[in-house]
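A short write-up of the structure that comes next.
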Amino acid sequence: MAPQAERSGQSSEEVLQAISIARHGIRSLGTPEEVTELSVFLCTPKACHIHGTATSLDGGATKSLS
């Protein structure tokens, strides 16, 4: 990743983000704040019918049946 970053004049993080976005067809990578928002929501009464599930918070990178 570092050689590609040096060649492009970007940071390694910027190169990784660009590759991830291109590979998965997502608009942006998630942020720690977005993970926090989901965690907080799951602790509220509004989430009372959500039980025993795995939730992907990956901008659509995970393939699903829908």
Drop me the distance from Leu38's CG to Cys43's SG, to the nearest 0.5 angstrom. 9.5 Å
Measuring from atom CZ of Phe41 to atom OG1 of Thr55, what distance do you get when rounded to the nearest 0.5 angstrom? 9.5 Å
Heavy-atom neighbours of His51 NE2 exceed 12 at 6.0 Å: yes
